[in-house]
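The next block holds one structure in the form of structure tokens; read it before the comments.
Note that the structure is a prediction, hence the values are computed from the model and not measured. The chain is numbered in sequence order, starting from 1.
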Amino acid sequence: MKFLVTTAIPAPGMDILKAAGEVHVPDRQLSAGELRRECSSGTYDIVVAQLTDVFDRAVLESATIKGISNYAVGYDNVDVATATRRGIIVGNTPGVLTDATADIAMLLLLATARRCVEADRFVRAGRYQGWQPELLLGGDVSGAALGLVGFGRIARATAERALGFGMTVRYTTRSGPVPPERLGHLAGRVQFAEWDDLVRTSDFVSLHVPLTGATHHLVDEKTLRAMKPTACLVNTSRGPVVDEKALVEALRSGEIAGAGLDVYEDEPVLADGLADLPNTTLLPHVGSATRSVRATMAEVCANNALAMARGEMPAHAVNPQAWR
């Protein structure tokens, strides 16, 4: 078995792969041309990939690999339709990072509402002169309305946390309300709302959708204009779900009160002016960044790759129909 690991993954992932066969890790990130060349060289059975590795049609049409094991739950970096047609299995790591990412969503919500970044800088700059009645006043979280866009695993885990803070929680999906029997213990505690109503009435809008053609720039200038001027936007999904330039203008003009972001439209580059805005909390895509989660992700990812190399269906296949 021969594996191309575009970026080394944490233990025990690398150990699993090395015990199974030959592993090659480039000394730097491969360019698009280099990735295409490696995938079509006939050298490797499986590629263990990162979200920064783009497997578009140009790469996949000439690829001789059996599978791509993505070290992530998302797989918008892979042209799944082309991979499926070419008989290339794509694997991911679902479920592993649900709680960690929901924690980050709540962290961003709380930090932005209570102006934690501003407060931290204020103290470090030596400006704190003692308690003052109106120093760095923020927005309320307890009793506030949280609108969840999408209602998959991470959104539901975020709902559970928000309910613990006494928030009113609503969600919206393109497919409509989730049947009560599928809501489990959240039945009766969360409510469905249509998109326009959710955007217009929520104090916090938190994004939990995959990046697709339908969700690209889902939050645009029109959406931001419809939000409350006291509202905050939270994004732990994918950067291009938000029109980042429009977001900068909305934050700058006071159309919305703040934004907490863990992902960006053109990572690692930020839209001009975003980093200068005081009403933002900006994290470097660390939603799943706990030691235990990243280790478990690596184990799942490596086992997906190992199954693919053996000619077996991986435990987490995005496109099982590609199986031949």
**Q.** A159 to F151 - nearest heavy-atom pair and separation
**A.** CB-CE1, 4.3 Å
(Q) Using 0.5 Å steps for rounding, measure from the CD1 atom of I46 to the OG atom of S69. (A) 8.0 Å
Q) Minimum heavy-atom separation for L35 to T6, with atom names? A) CD1-CG2, 4.4 Å
Q) If you measure from the Lys or Arg side-chain nitrogens to the Asp or Glu carboxylate oxygens, is any gap between D15 and K18 under 4.0 Å? A) no
(Q) Tell me whether L270 shares a hydrophobic cluster with L224, the cluster being built from Ile, Leu, Val, Met, Phe, Trp, Tyr side chains joined at under 4.5 Å. (A) yes
Q) Distance from Q321 atom CD to T84 atom OG1, nearest 0.5 Å? A) 4.5 Å
Q: State whether the side chain of N319 and the backbone N or O of V90 hold a donor-acceptor pair below 3.5 Å, judged by distance alone.
A: yes
Q. Around atom CD of E34, are there more than 12 heavy atoms of other residues, nucleotides or ligands at under 6.0 Å?
A. yes
Q) Do D45 and R310 sit within salt-bridge range, that is, some charged N less than 4.0 Å from a carboxylate O? A) no
Q: May I have the step-by-step check of side-chain contact (heavy atoms from CB on, under 4.5 Å) for L110 and V141, ending in yes or no?
A: CA-CA 7 Å; L110 290 162; V141 172; 3.9 Å; yes
**Q.** Nearest-0.5 Å distance, OG1 of residue T296 to CZ of residue R291
**A.** 13.5 Å
Q. In terms of heavy-atom contacts, does CZ of R252 have more than 12 from other residues, nucleotides or ligands at under 6.0 Å?
A. yes
**Q.** Straight-line distance of D103 CG to D99 CG, nearest 0.5 Å
**A.** 6.5 Å
Q. Is the backbone of L306 close enough, under 3.5 Å, to the side chain of N303 for a donor and an acceptor to pair up by distance?
A. no
Q | Common cluster, I104/L211, ILVMFWY with side-chain heavy-atom separation under 4.5 Å | A | no
Q. Between D79 and L60, which heavy-atom pair has the shortest distance, and what is it?
A. O-CD1, 3.4 Å
(Q) Given N77, which partner from the list D56, D53, N70 fulfils the side-chain hydrogen bond (donor to acceptor under 3.5 Å, both in side chains) test? (A) N70
Q | Greater than 12 external heavy atoms within 6.0 Å of R36's CZ | A | no
Q. Would the number of heavy atoms belonging to other residues, nucleotides or ligands and lying under 6.0 Å from CG of D140 be above 12?
A. no
Q. Which pair of heavy atoms, one from A317 and one from M313, lies closest together, and at what distance?
A. CB-SD, 3.8 Å
Q.
Measuring from atom CG of L109 to atom OG1 of T281, what distance do you get when rounded to the nearest 0.5 angstrom?
A. 10.0 Å
Q.
Between T280 and L261, is the side-chain contact (heavy atoms from CB on, under 4.5 Å) condition met? List the steps.
A. CA-CA 8 Å; T280 59; L261 309 175; 6.0 Å; no
Q: Using modelled atom types only, decide if a donor and an acceptor are shared between the side chain of D203 and the backbone of A231 within a distance under 3.5 Å.
A: no
**Q.** SB check E61 R85 (cutoff 4.0 Å)
**A.** yes
Q.
What I want to find out is whether R121 reaches E118 closely enough, with some N-O distance under 4.0 Å, to be called a salt bridge.
A. no
Q: Decide yes or no for T112 and N279: does some side-chain heavy atom of the first lie under 4.5 Å from some side-chain heavy atom of the second?
A: no
Q: Output, in order, the C-alpha distance, side-chain angles, deciding distance and verdict of side-chain contact (heavy atoms from CB on, under 4.5 Å) for V263 and E267.
A: CA-CA 7 Å; V263 289; E267 294 183 17; 3.4 Å; yes
Q) Does the distance from a Lys or Arg side-chain N to an Asp or Glu carboxylate O, for R225 and E221, drop under 4.0 Å? A) yes
(Q) Tell me the closest heavy-atom pair linking G130 and L135, and the distance in Å. (A) O-CD2, 4.4 Å
Q: Report yes or no: do R170 and T201 form a side-chain donor-acceptor pair below 3.5 Å?
A: yes
Q | Criterion side-chain contact (heavy atoms from CB on, under 4.5 Å) on Y264 and L282, from CA distance to verdict | A | CA-CA 9 Å; Y264 306 92; L282 307 177; 3.3 Å; yes
**Q.** Atom OH of Y75: over 12 foreign heavy atoms under 6.0 Å
**A.** no
Q: Evaluate whether atom NZ of K228 has more than 12 neighbouring non-hydrogen atoms of other residues, nucleotides or ligands under 6.0 angstrom away.
A: yes
Q) Of the non-hydrogen atoms in D220 and D243, which two are nearest, and what is the gap between them? A) CA-CB, 4.1 Å
Q: Using the six-membered ring wherever Trp is involved, compare the ring planes of Y171 and F192 and label them parallel, tilted or perpendicular (cut-offs 30° and 60°).
A: perpendicular
Q: State whether R124 and D120 are salt-bridged, where the test is any N-O pair (Lys NZ or Arg NE/NH1/NH2 against Asp/Glu carboxylate O) under 4.0 Å.
A: yes
